[in-house]
Amino acid sequence: PYVDKGSPLVTNASEGVIDATVLRDGASNYIVYKVDGNAHGHQTEFWAVLLDPTGMSTKGQPILLLKNDQSWEHGIIEGQWFVKHNDKYYLFYSGCGYANDCYAVGVAKADSPLGPYTKHANNPILKTRSPQTAKSWEGPGHCSVVQSPEGRWLMFYHAWPHGAIGTKRLMLLDEVSFKGDWPTVNDGSPSETAQPDPKSNLSWI
């Protein structure tokens with residue numbers, strides 16, 4: 001059974017923290033979290049701090065990893081997720097607000113887990129299709145990227161059906177390509193037709 005620690009692992013008294021995830025680097029584990037500055041009209045930032053071996057407390061001082069500074073982010077970054085590929089660390093994240101068609105996925109890259117991270121000049125790598133079609137998805141974001149047993153990289157994310165922002169978000173799945181120095185997803189927008197299943201020749205969306 002799980003036992004509640006009884007107090008926050010990380011906190012920010014003035015702005016709050018959300019979207020915590022764990023960044024693993026060998027035997028070291030870091031908790032990475034968003035300081036929710038945009039909720040107070042301030043800058044939004046990702047911070048990392050080392051976890052002790054039990055994972056129940058932190059060690060040392062937090063380190064700033066990323067902040068909002070690209071126009072497509074509209075003052076908001078959130079939903080961070082880390083992948084190590086070919087000795088590079090990729091930080092996937094979302095920008096804009098989740099209830100908007102500008103919500104999208106960007107990526108930053110570093111040589112070490114704690115950075116410094118450089119954002120992709122062609123961010124976002126996954127966004128609402130323009131012009132939209134009747135099968136388009138709007139506001140794709142807040143992703144997790146995992147590797148299948150067959151070695152394929154898969155991005156799970158949520159999005160709104162076309163013309164239905166604010167109704168219900170659905171979870172989608174698309175493949176990530178690491179053919180170059182930066183990852184790509186389709187042509188930069190969610191799939192609009194059935195795709196090959198990650199583990200078979202069936203189809204999925």
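With hydrogens and angles left out, the side-chain atoms of S7 and K5 include a donor and acceptor closer than 3.5 Å.
Rounding to the nearest 0.5 angstrom, the gap separating the CD atom in Q80 from the CG atom in L66 is 9.5 Å. Atom OG1 of residue T58 and atom CG of residue D52 lie 8.0 Å apart, to the nearest 0.5 angstrom. With rounding to the nearest 0.5 Å, the separation of CZ in F156 from CE in M171 is 6.0 Å. Put simply, NE2 on H74 and OG1 on T44 are 13.0 Å apart, with the number rounded to the nearest 0.5 Å. The distance from atom CG of L114 to atom CG of L64, rounded to the nearest 0.5 Å, is 11.0 Å.
A distance-only check finds a donor-acceptor pair linking the side chain of N12 to the backbone of S14 [under 3.5 Å]. Looking only at distances, no side-chain donor or acceptor of T11 sits under 3.5 Å from a matching main-chain atom of P8. Here the side chain of Q195 pairs a donor or acceptor atom with the backbone of T193 at under 3.5 angstrom. Formation of a donor-acceptor pair under 3.5 Å by the W153 side chain with backbone atoms of Q147 is not found in this model. Here the side chain of E138 pairs a donor or acceptor atom with the backbone of G163 at under 3.5 angstrom. For Q132 (side chain) and S136 (main-chain N/O), no donor-acceptor pair under 3.5 Å exists by modelled atom type. Side-chain N or O atoms of T128 include one that pairs as donor or acceptor with a backbone N or O of G139 at under 3.5 Å.
At a threshold of 4.5 Å between non-hydrogen side-chain atoms, the residues P124 and V105 do not count as touching. Between L126 and P190 the shortest side-chain heavy-atom distance falls below 4.5 Å. Looking at W182 and N122, their side chains never come closer than 4.5 Å, going by heavy atoms from C-beta outward. Inter-residue side-chain proximity for E15 and H42 is flagged as met; some heavy-atom pair is nearer than 4.5 Å. Within the 4.5 Å cutoff, no side-chain heavy atoms of L154 are placed close to those of V176. H158 has its side chain out of reach of P140: every pair of non-hydrogen atoms, C-beta onward, lies at least 4.5 Å apart. Here the side chains of D187 and R129 are in contact, with some heavy-atom distance below 4.5 Å.
In this structure, V22 is not a member of the same hydrophobic cluster as L50, with clusters built from ILVMFWY side-chain heavy atoms closer than 4.5 Å. When the side chains of ILVMFWY residues are joined at heavy-atom separations under 4.5 Å, either directly or via intervening members, Y89 and V107 end up in two distinct hydrophobic clusters. Following chains of ILVMFWY side-chain contacts shorter than 4.5 Å, one can reach V83 starting from I125, so the two form part of one hydrophobic cluster. Hydrophobic cluster membership differs between V17 and I63, with clusters built from Ile, Leu, Val, Met, Phe, Trp and Tyr side chains linked at under 4.5 angstrom. No single ILVMFWY cluster, assembled from side-chain heavy atoms under 4.5 Å apart, contains both L172 and W160.
Closest approach of A48 to L65, counting heavy atoms only: CB-CD1, 3.8 Å. Here the closest non-hydrogen pair linking N68 and K119 is CA-NZ, 4.0 Å. Contact between P183 and F178 at its shortest, heavy atoms only, is CB-CE2, 3.7 Å. Closest approach of S112 to G115, counting heavy atoms only: OG-O, 2.7 Å. Counting all heavy atoms, side chain and backbone alike, V145 lies closest to C143 at CG2-SG, 4.2 Å.
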Using the side chain to side chain contact (heavy atoms under 4.5 Å, CB included) rule, take F46 and Y117 through it: C-alpha gap first, then chi angles, then the decisive distance, then the call. CA-CA 11 Å; F46 295 154; Y117 282 88; over 6 Å; no
Side chain to side chain contact (heavy atoms under 4.5 Å, CB included), that's the test. Do K88 and D111 meet it? Break it down for me. CA-CA 5 Å; K88 300 289 185 181; D111 294 325; 2.4 Å; yes
Show your working on side chain to side chain contact (heavy atoms under 4.5 Å, CB included) between W137 and L170 and close with a plain yes or no. CA-CA 10 Å; W137 298 90; L170 302 177; 3.8 Å; yes
Could you check T133 against H162 for side chain to side chain contact (heavy atoms under 4.5 Å, CB included), going step by step and ending with a plain yes or no? CA-CA 8 Å; T133 73; H162 174 66; over 6 Å; no
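A 6.0 Å sphere centred on NZ of K168 holds no more than 12 heavy atoms belonging to other residues, nucleotides or ligands. Heavy-atom neighbours of D181 CG from other residues, nucleotides or ligands within 6.0 Å: at or below the threshold of 12.
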Which pairs would a plain distance check flag for residues 27-34, meaning a side-chain donor or acceptor within less than 3.5 Å of a matching protein atom at least two apart in sequence or in another chain?
from, atom 1, to, atom 2, distance (Å)
K34, NZ, D36, OD1, 3.2
K34, NZ, N38, OD1, 2.9
K34, NZ, I77, O, 3.4
K34, NZ, E78, OE1, 3.4

With a 3.5 Å cut-off and sequence neighbours excluded, list the donor-acceptor pairs that the side chains of residues 91-101 form with protein atoms.
from, atom 1, to, atom 2, distance (Å)
Y93, OH, E73, OE2, 2.8
Y93, OH, N123, ND2, 3.4
S94, OG, H142, N, 2.6
N100, ND2, G97, O, 3.3

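Y90 and H85 have tilted rings, their planes meeting at an angle from 30° to 60° on a 0 to 90° scale.
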